[in-house]
Amino acid sequence: MEYIIYLCRFLFRIRWWLIIGVSTITLLAIILTRNLGRMYRVEATLYTGVVSGYSIEGGTAKTDWATTQNAMDNLINIIRAESTLKRVSNRLFARVMINGDMDHDNEYVQASSFRQIYNHVRNSRNGKEILALIDKSSEDKTVENLVAYERPEKDNYIYGLFYFTHRHYSYGALKNIRVLQKGNSDLLEISYSSNDPGITFNTIDILLEEFVKEYRLIRYGETDKVIEYFRSELDRIGRELRIAEDSLTRYNVEKRVINYYDETKEIASINKEFELREQDALFAYNSAKVMIEELEKRMDSNAKRAVNNIQMINKLREASTLTGKISELETLSSPSVNSEESLEAYRGQLEQARKELTDISDKYVEYKYTKEGISAMTVIEQWLDLVLQYEKAKSDLEIVQKSRQELTERYAFFAPVGSTIKRQERSINFTEQNYLSVLKSYNDALMRKKNLEMTSATLKVLNPPAFPISPEPTDRRKIVLAAFLGSFLFILGFFLLLELLDRTLRDTIRTQRLTGSKVLGAFPGNSLLKYRSYNKACSAIATHFLSSSTLRYFTSRKPGLPYILNFISTVPGEGKTHLSESLEAYWKSIGLNVHKITYGKDFDIYSREYILAKSVTDFYTPAGEDILIVEYPSLKDGSISSDLLQEANMNLNIARANRGWKETDRIVFQELKEQAGNVPLFIYLNCADREVVQDFTGMLPPYTYIRQQFYRLSQLSLTEMIRISNAKRKDKKKKKVNEGVA
């Protein structure tokens with residue numbers, strides 16, 4: 001409760017600061033905002049089609065919200081991009097300079113705004129050059145002239161118009177354009193406010209045009225570059241592929257290769273067949289040779305003579321030749337009709353030659369039987385058969401070996417051809433795969449471009465900007481209210497901070513918080529001028545309260561000693577003498593036997609008796625008084641023994657309410673409390689405000705009605721005020737009734 005009262009008193013104490021300070025600042029805000037500019041607001045809604053728009057990849061695909069949000073963020077950032085706003089600034093400046101009028105407002109710019117920018121341009125360093133850039137017949141031509149004239153230099157007017165602080169054409173002003181997505185929809189809401197309705201309208205109108213151009217330039221620019229790259233790569237790889245294929249074709253023609261893999265399979269098959277034939281021919285050749293040698297060993301001289309006959313030898317040669325031809329024709333893997341006819345003819349000739357050999361051998365054989373009893377004709381016939389077989393096997397072996405040699409040459413031919421063909425085929429295959437990959441990427445890029453064309457086609461101004469007719473309500477009321485609340489909170493916060501940091505004793509609550517000791521009461525100082533005549537009355541009331549507060553502690557005294565009241569202070573000048581003398585005079589006025597002794601007058605604080613005193617009787621002899629008031633020196637000037645403090649009935653530490661409680665005071669007072677032991681030690685405030693004294697004494701004079709109400713309000717006696725008012729009203733009514741009866 002006491003803290004609520006303390007807070008109320010704190011507010012009451014700074015009331016004039018709050019009233020005057022807040023009123024002054026609020027009035028100043030009202031004066032400064034009386035000519036606050038009116039703002040015009042223009043809005044437009046843009047449909048993007050990003051969230052629910054159809055795409056070539058598939059209109060029914062599941063929506064990727066992360067990608068969609070990224071696309072919407074990109075659109076918003078493109079609108080607010082510096083490059084976009086710079087083009088808006090140039091075109092807006094060109095439009096205003098072309099269509100502005102010095103004397104009349106129009107849908108492009110107000111006359112006052114046009115006069116301001118026109119005079120600003122004309123009076124600039126290169127005003128004539130800049131005005132010469134304005135082509136009244138073409139806005140696009142004017143924009144081109146401005147862009148060509150602009151240089152990134154501080155003195156360049158067009159460059160500075162955007163990068164300085166102009167309220168209509170600068171980057172800082174155009175950054176106030178707000179772009180918001182409506183929920184999770186495809187709609188973007190674009191809004192802008194300025195003090196000129198024409199400039200506001202044209203800013204949004206130009207922004208929508210420039211945004212669509214910028215968006216298409218960015219998106220199409222990227223895609224067109226990618227498409228151009230893939231197209232050039234397709235042409236390059238296609239040329240390489242054609243060159244590689246033509247090279248392979250020329251190589252096949254040069255090497256007479258129709259189908260390398262089938263031909264090599266056929267050669268391998270023929271080689272295997274000839275290996276088997278060579279084995280068979282070699283076996284037949286060796287067998288026939290061995291058998292001929294064995295048979296010739298068993299021939300007699302007559303048979304040998306017949307065998308060695310020249311005519312027979314010639315026939316054998318003829319038969320051997322025919323056998324070779326027959327073997328050669330039989331060796332062909334795919335004989336033709338002519339070769340079959342030749343083979344049959346050779347076989348007939350061979351049969352005829354064999355008969356002739358038999359006839360020749362019959363003529364030369366004298367004996368029909370050999371020594372062993374074997375028929376000579378049979379031996380010769382067997383010899384002739386073996387010779388023919390031998391010749392045939394020999395011929396077959398030569399033909400097979402010749403064919404093997406040809407196959408070996410074919411292998412030697414096809415080996416490098418195969419590796420070269422495979423190398424070229426690998427190169428062609430790699431180039432072909434690369435071509436197909438680039439072709440797929442090219443098709444994807446074309447698909448994306450078509451998709452972007454569809455997306456750009458969906459960028460539509462749903463609600464175009466409308467020319468504002470009436471301005472927006474100003475923020476003057478908010479500014480004044482903010483000034484009022486801000487000044488109130490600032491002053492309140494400042495004094496509250498000062499209240500928390502200030503170590504002046506001032507009142508009861510702060511004194512108890514700083515000293516950690518109970519405050520027994522407060523004595524008033526000199527009042528204000530209008531209450532100065534009541535100083536004596538207030539002092540008398542405060543003295544009476546001081547008497548009552550101290551007498552209740554005079555319950556017992558030591559034998560031979562009066563009641564002792566010690567007046568102490570931590571520093572000199574606290575008013576101990578004034579309070580003690582006032583209390584002494586009051587007690588004497590009511591018939592009490594009181595005596596007061598003072599340091600430096602009745603006892604010497606530097607004497608041995610005082611320094612080593614165990615009792616007040618060591619430096620003063622009681623004379624039968626009821627109460628002895630002892631005024632000790634300040635603890636800064638001298639010390640007080642614990643025995644003297646504990647001998648008293650009460651110790652009062654006098655402290656001025658209008659001084660700060662320093663760290664030295666805290667240390668000294670803490671030691672004083674320890675010295676006093678169980679004897680009451682209180683703080684008594686001196687020179688306190690009337691409000692502080694009234695907490696102990698009650699209301700001080702004068703007792704006017706207004707002061708009584710303020711006093712009850714300061715004590716939060718709210719219902720008491722109502723009750724007293726009702727009682728007074730009833731008394732007035734009763735008095736009127738009595739007067740009427742009388």
Side-chain angles (χ1 to χ4, degrees), residues 1-14 495-527 538-539 541-550 552-553 565-580 582-583 631-632 634-636 640 645 648 650-676 679-700 711 714-716:
M1 183 63 182
E2 63 179 3
Y3 286 101
I4 297 177
I5 297 175
Y6 182 80
L7 180 61
C8 294
R9 290 177 180 173
F10 165 73
L11 295 175
F12 184 77
R13 188 169 58 253
I14 64 172
F495 281 100
L496 184 60
L497 181 63
L498 187 63
E499 185 75 14
L500 294 175
L501 298 178
D502 188 16
R503 294 181 64 85
T504 304
L505 295 177
R506 196 177 63 206
D507 54 47
T508 306
I509 295 177
R510 180 180 285 188
T511 302
Q512 291 177 354
R513 177 170 61 85
L514 293 174
T515 62
S517 181
K518 182 179 178 181
V519 177
L520 187 63
F523 203 86
N526 292 327
S527 302
C538 293
S539 298
I541 294 172
T543 303
H544 176 71
F545 178 80
L546 176 59
S547 171
S548 301
S549 300
T550 54
R552 70 171 60 102
Y553 289 95
L565 176 61
N566 292 336
F567 278 80
I568 311 166
S569 67
T570 57
V571 292
E574 297 293 281
K576 298 190 297 294
T577 303
H578 176 65
L579 264 67
S580 60
S582 298
L583 184 59
E631 181 183 349
Y632 287 103
S634 64
L635 298 177
K636 181 180 180 181
I640 306 173
L645 294 174
M650 176 185 287
N651 296 306
L652 278 183
N653 184 78
I654 310 302
R656 283 185 296 108
N658 56 4
R659 80 171 185 90
W661 188 257
K662 302 176 180 58
E663 185 66 17
T664 55
D665 297 319
R666 185 189 67 81
I667 296 173
V668 171
F669 186 74
Q670 186 66 29
E671 294 176 352
L672 184 65
K673 288 171 65 176
E674 295 176 357
Q675 285 182 293
V679 177
L681 173 62
F682 299 107
I683 289 181
Y684 210 91
L685 293 176
N686 188 22
C687 299
D689 294 336
R690 291 171 62 90
E691 291 78 9
V692 178
V693 178
Q694 287 179 152
D695 288 341
F696 299 97
T697 64
M699 185 178 176
L700 298 175
Y711 175 72
S714 67
Q715 300 297 321
L716 298 181

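Note that this is a predicted model, so its numbers are computed, not measured.
- Remark: side-chain polar atoms of Thr697 are paired, donor with acceptor, to backbone N or O of Val693 under 3.5 angstrom.
- Side chain of Asp507 to main chain of Val692: no donor-acceptor pair is present (N/O by atom type, distance under 3.5 Å, no hydrogens or angles).
- When all heavy atoms are compared, the tightest approach of Phe523 to Thr543 is CE1-OG1, 3.4 Å.
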Is there a side-chain contact (heavy atoms from CB on, under 4.5 Å) between Thr570 and Ser634 once you walk through the steps? CA-CA 5 Å; Thr570 57; Ser634 64; over 6 Å; no
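- The shortest non-hydrogen separation linking Tyr553 to Met650 is CD1-CE, 2.7 Å.
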Using side-chain contact (heavy atoms from CB on, under 4.5 Å), reason through Phe567 and Tyr684 one step at a time and then give a plain yes or no. CA-CA 10 Å; Phe567 278 80; Tyr684 210 91; over 6 Å; no
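- In this model, a donor atom of one side chain and an acceptor atom of the other lie less than 3.5 Å apart for Thr577 and Glu631.
- Glu574 places a side-chain N or O within donor-acceptor distance of the main-chain N or O of Arg656, the cut-off being under 3.5 Å.
- Residues Val519 and Leu685 are in side-chain contact: their nearest non-hydrogen atoms beyond the backbone lie under 4.5 Å apart.
- In this structure, the side chain to side chain contact (heavy atoms under 4.5 Å, CB included) partners of Gln670, at least two apart in sequence or on a different chain, are Lys673, Glu674.
- The line from CG of Leu579 to CG of Leu652 is 8.5 Å long, rounded to the nearest 0.5 Å.
- At distances below 3.5 Å, at least one donor-acceptor pair connects side-chain atoms of Gln694 with backbone N or O atoms of Leu700.
- Ring orientation note: the planes of Phe669 and Trp661 are nearly perpendicular, at an angle over 60° on the 30°/60° scale.
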Might you work through the side-chain contact (heavy atoms from CB on, under 4.5 Å) test for Cys538 and Arg690, ending with a clear yes or no? CA-CA 9 Å; Cys538 293; Arg690 291 171 62 90; 3.4 Å; yes
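- Here the shortest heavy-atom pairing between Asn653 and Ser569 reads OD1-CA, 3.6 Å.
- We find that Arg13 and Glu499 are joined by a salt bridge, their nearest charged nitrogen and carboxylate oxygen being less than 4.0 Å apart.
- Closest heavy-atom contact between Ile683 and Ala655: CG2-CB, 4.4 Å.
- Using a 30° and 60° split on the angle between ring planes, Phe545 and Phe696 fall in the tilted class, from 30° to 60°.
- With sequence neighbours excluded, the residues satisfying side-chain hydrogen bond (donor to acceptor under 3.5 Å, both in side chains) with Ser580 are Lys596.
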Using the side-chain contact (heavy atoms from CB on, under 4.5 Å) rule, take Leu565 and Leu583 through it: C-alpha gap first, then chi angles, then the decisive distance, then the call. CA-CA 11 Å; Leu565 176 61; Leu583 184 59; 3.5 Å; yes
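- Here the side chains of Arg666 and Thr515 are not in contact, with every heavy-atom distance at 4.5 Å or above.
- From Leu681, atom CG reaches atom CG of Asn651 across 5.5 Å, with rounding to the nearest 0.5 Å.
- Smallest separation of non-hydrogen atoms from Ser517 and Gln512: O-CG, 3.4 Å.
- Atom OG1 of residue Thr511 and atom CG of residue Leu505 lie 4.5 Å apart, to the nearest 0.5 angstrom.
- The pair Arg659-Asp665 counts as a salt bridge, with a side-chain nitrogen and a carboxylate oxygen less than 4.0 angstrom apart.
- Between the CD1 atom in Ile541 and the NE2 atom in His544 there is a gap of 9.5 Å [rounded to 0.5 Å].
- The nearest pair of heavy atoms linking Ala657 to Cys687 is CB-O, 4.0 Å.
- The distance from the CG atom of Leu520 to the OG1 atom of Thr508 is 10.5 Å, given to the nearest 0.5 Å.
- A salt bridge between Asp502 and Arg510 is present, with a side-chain N of the basic residue lying under 4.0 Å from a carboxylate O of the acidic one.
- Taken to the nearest 0.5 Å, the CG atom of Asn658 stands 11.5 Å off from the CZ atom of Arg506.
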